[in-house]
Amino acid sequence: MNGNPMQARCGAHCRTTGNPCQNFPMPNGRCRMHGGKSTGRPQKHGFYTQEAVSQRQQLKELILEINSLSEALGESQVGCWHESLGVAT
């Protein structure tokens with residue numbers, strides 16, 4: 001390996017041998033293989049996208065508002081927000 005032999009190394013341990021990784025670290029302290037530059041591709045669809053999360057938050061706020069208005073009128077509540085989304089508690 002090229003570079004200063006006294007420079008810090010990645011240090012991540014191999015599963016099979018238990019030896020530390022000898023690659024040079026990035027600013028996060030791990031090498032490009034063990035510290036990774038990417039946390040994965042962005043979510044385009046699904047339950048945890050920003051759009052889906054914000055829609056659920058808006059729906060929750062609307063249901064809470066409806067429930068508070070129905071309480072003021074003395075009517076029964078619409079239901080819990082998680083029941084309307086089909087989320088198990």
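Note that these values count all heavy atoms, side chains included, but never hydrogens, waters or copies made by symmetry.
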> In chain order, what residues pass the side chain to side chain contact (heavy atoms under 4.5 Å, CB included) check against Glu51, with sequence neighbours excluded?
Replying inline: Thr49, Gln55
> Who passes side chain to side chain contact (heavy atoms under 4.5 Å, CB included) against Ser68, sequence neighbours left out?
Replying inline: none
> Below 4.5 Å, heavy atoms only, C-beta onward: do Ile63 and Lys60 meet side chain to side chain?
Replying inline: no
> Of the non-hydrogen atoms in Cys21 and Arg9, which two are nearest, and what is the gap between them?
Replying inline: O-CB, 3.9 Å
> Looking at residues at least two apart in the chain, or sitting in another chain, which of them share a side-chain hydrogen bond (donor to acceptor under 3.5 Å, both in side chains) with Glu61?
Replying inline: Gln57
> Looking at Ala52 and Gly46, what are the two nearest heavy atoms and their distance?
Replying inline: CB-O, 3.4 Å
>> Working to the nearest 0.5 angstrom, can you tell me the gap between Gln22 CD and Cys31 SG?
In response: 10.5 Å
> Going from CG on Leu69 to CG on Leu64, what distance comes out if it is rounded to the nearest 0.5 angstrom?
Replying inline: 11.0 Å
